[in-house]
Amino acid sequence: MSTVQTAERPTPAPASMTPEMKKAVRRTGWVRRAPLMPALIFAILVTQLPFLLTIFYSLQSWNLVRPGSSEFVGLANYVNVFADSTFRGAALRTILITGGCVLIAMLFGVLLAILLDRPFRGRGVVRTLLITPFLVMPVAGALLWKTTIFDPLFGLLNFVLSPFGVDSVAWVSQYPMAAVITALVWQWTPFMMLLVLAGLQSQGKDVLEASATDGANRWQTFRWVTLPHLRRYIELGLLLGSIYVVNTFDTIYMMTQGGPGTSTTNLPFYLYQRAFLGFDVGQAAALGVVTVIGTIIVATVAMRLIFRSFSREDS
Amino acid sequence: MSTAAPGHRRRRLLARPGRTLAEVLTLLIALVVAFPLYWMVLSAVKHPGEIQSSAPRPWTTAPTWDNFRRVLQVEGLGGYLLNSVVVALAVVVLSLFLSFLAAVALTRFRFRGRTVLAVMLLVAQMVPVEALTIPLFFLMRSVGGVVPQLGLNHLGSLVLVHLAFSLPFAIWMLRGFVAAVPRELEEAATLDGASRFRFTWQVLFPLVAPGLVAMSVLSFIHAWNDFLFARTFIISATENQTLPMAILVFFSPEGNDWGAIMAGSTLLTIPVLVFFVLVQRHLVSGLAGAVKG
């Protein structure tokens with residue numbers, strides 16, 4: 001694995017080159033790469049423009065209710081954000097929802113990927129069944145959970161649990177966080193499973209053979225051979241999963257509307273309330289920027305913590 | 001086949017009862033996971049009175065097509081479908097082309113700030129969409145002043161905004177694939193007299209095909225399922241609305257038509273499912289490649 005990384009690293013130009021030679025190499029280099037750069041520049045432009053726009057708006061006081069009220073106010077919006085106790089609560093819940101969903105989904109994903117890694121009759125069908133939550137529109141998925149499974153009167157969960165004396169629990173209003181996280185885990189497990197499965201299938205069979213020959217049992221092989229190999233796949237899954245789950249909106253909008261009270265209001269939903277119900281564009285933009293920075297910090301710290309345990313064997 | 005032998009032996013190492021148990025367990029989990037989807041299809045063919053019942057039955061004795069009929073009778077549905085297909089395909093084709101070229105540029109060329117650019121792409125993806133919707137609305141209005149086809153009320157605005165949200169992910173995925181293609185291959189192609197253009201399109205492009213497949217699945221799902229932007233950008237031009245908007249008709253303050261909503265959701269899921277089944281074999285190897293390098 002380390003060889004791949006070193007091969008990737010740019011090799012410095014040989015020291016024997018004179019500055020003129022280097023300059024010439026660089027010039028021909030730019031001529032050769034010119035045809036490809038427009039695509040990159042366009043991609044950067046299209047993806048960064050909305051972000052830059054957000055930063056710009058976050059420095060403005062701009063409420064849509066008062067036309068022409070737009071003016072530069074510096075960091076005032078940010079001061080408001082941090083003074084806002086609803087924001088702090090929403091930030092905490094965002095971490096809880098994201099962390100809970102991504103970790104549980106990854107756990108299930110690894111388990112299912114291991115089960116799916118061996119050929120058996122009907123594997124294609126089972127794999128397709130397992131992937132379906134990923135294919136349903138998030139709006140429809142959340143609706144399905146709320147109305148057909150968690151509903152206190154008509155819900156399937158109460159119906160199934162009724163022999164055990166549980167039959168009138170209003171799941172979404174009594175356990176709002178658990179309900180939201182359950183629906184999200186359901187939606188995200190397939191993605192994690194696919195990534196880990198990809199990792200398992202890219203593992204060389206000879207390595208497993210060798211470890212079996214050396215007398216390792218199945219758990220030892222998994223712990224010391226397979227798991228380190230899967231590390232990059234798990235890492236990528238957690239990273240990409242977090243980026244998407246942090247921005248969860250549809251599920252919360254459809255299931256709880258952030259409630260009861262603010263008990264499931266995460267940052268995107270709070271932001272939506274500020275922007276679309278309060279029409280406060282500047283404040284919402286500042287919230288967005290803070291969310292991004294928060295995401296980066298939390299993701300970095302979480303990654304370090306999670307991978308400290310088995311980072312020594314790899315890299 | 002020498003590769004088949006070790007796999008065969010490994011399978012025999014597992015005890016038979018354990019294997020059967022694992023297979024049964026997998027099947028059970030798969031059924032539980034897919035159950036809400038089954039319930040969606042089931043509700044779509046149930047009579048309205050049967051959907052909300054305190055004793056829900058996991059089957060129906062009198063399936064009906066009435067719910068689907070009501071969905072198919074929504075005015076302008078054909079146009080909505082066409083719009084959805086046009087937007088999703090345009091996003092897939094454009095992001096395929098752009099993300100491939102951008103990934104090659106980002107992987108093959110060394111230039112100052114390369115890593116910063118790659119990270120910036122990912123950071124842009126972290127901005128909550130809700131924070132961007134209003135700024136993007138004004139941006140699209142200005143764009144529409146210059147190029148009407150890309151502005152509000154036009155499908156172009158949807159293509160542009162979905163492109164912006166699927167490109168970063170696509171470029172990140174393809175980076176791994178491009179990096180995995182050995183440099184010697186390019187040198188060999190150059191020695192054989194192939195131009196850089198020919199090398200990029202005739203050698204590199206087919207080699208990263210699994211990645212392109214995985215990437216196009218994700219962009220397709222993203223564009224197809226979009227609700228928020230279709231709702232915000234297409235305000236007055238109803239002829240330019242997309243398919244998810246058709247389901248909105250069945251939500252009303254007097255009571256939602258659950259049968260039609262479920263039938264509509266079922267119809268919306270079918271194209272994604274078909275697209276996925278067609279490419280699923282390549283998807284796993286596609287995701288595997290994304291991590292290399």
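Lettering follows sequence order; numbering is per chain, from 1.
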Can you tell me which portion of B/Leu273 sits under 4.5 Å from chain A's heavy atoms? Options are side chain, backbone, both or neither.
both
With side-chain contact (heavy atoms from CB on, under 4.5 Å) as the test, would you mind laying out the steps for A/Leu143 and B/Trp258 before giving the verdict?
CA-CA 10 Å; A/Leu143 208 64; B/Trp258 289 116; 3.6 Å; yes
Sequence neighbours excluded, which residues qualify as ring-ring contact (aromatic ring centres under 6.0 Å, His included) partners of A/Phe56?
none
Residues in side-chain hydrogen bond (donor to acceptor under 3.5 Å, both in side chains) contact with A/Thr221, at least two apart in sequence or another chain
A/Ser211
Quick one: are A/Leu144 and B/Leu37 in side-chain contact, heavy atoms under 4.5 Å?
no
B/Ile221 versus chain A, heavy atoms under 4.5 Å apart: side chain, backbone, both or neither?
side chain
Atom group of A/Leu130 that falls short of 4.5 Å from chain B, counting heavy atoms:
both
Result for side chain to side chain contact (heavy atoms under 4.5 Å, CB included) between A/Val126 and one of B/Val33, B/Leu31, B/Thr26, B/Ile29 points to B/Thr26
Tell me, out of A/Phe108, A/Phe249, A/Trp145, who's got the most heavy-atom pairs with chain B below 4.5 Å.
A/Phe249
Atom group of B/Ile171 that falls short of 4.5 Å from chain A, counting heavy atoms
side chain
Is A/Leu135 close to chain B through its backbone or its side chain, or both, or neither, when contacts mean heavy atoms under 4.5 Å?
both
B/Ser265 versus A/Val136: any side-chain heavy-atom pair under 4.5 Å?
no
Contacting moiety of A/Pro133, where chain B heavy atoms sit under 4.5 Å
side chain
Taking CZ in B/Phe250 as the centre, count heavy atoms belonging to other residues, nucleotides or ligands within less than 6.0 Å. Is the count above 12?
yes
By a 4.5 Å heavy-atom criterion (distance strictly below it), what part of A/Tyr244 contacts chain B: side chain, backbone, both, or neither?
side chain
Among A/Pro268, A/Ala286, A/Ala140, which residue has the highest count of heavy-atom pairs closer than 4.5 Å to chain B?
A/Pro268
Find out whether B/Leu218 and A/Phe134 are in side-chain contact, i.e. whether some heavy atom of one side chain is under 4.5 Å from a heavy atom of the other.
yes
Under 4.5 Å from any heavy atom of chain B - which part of A/Ile131:
side chain
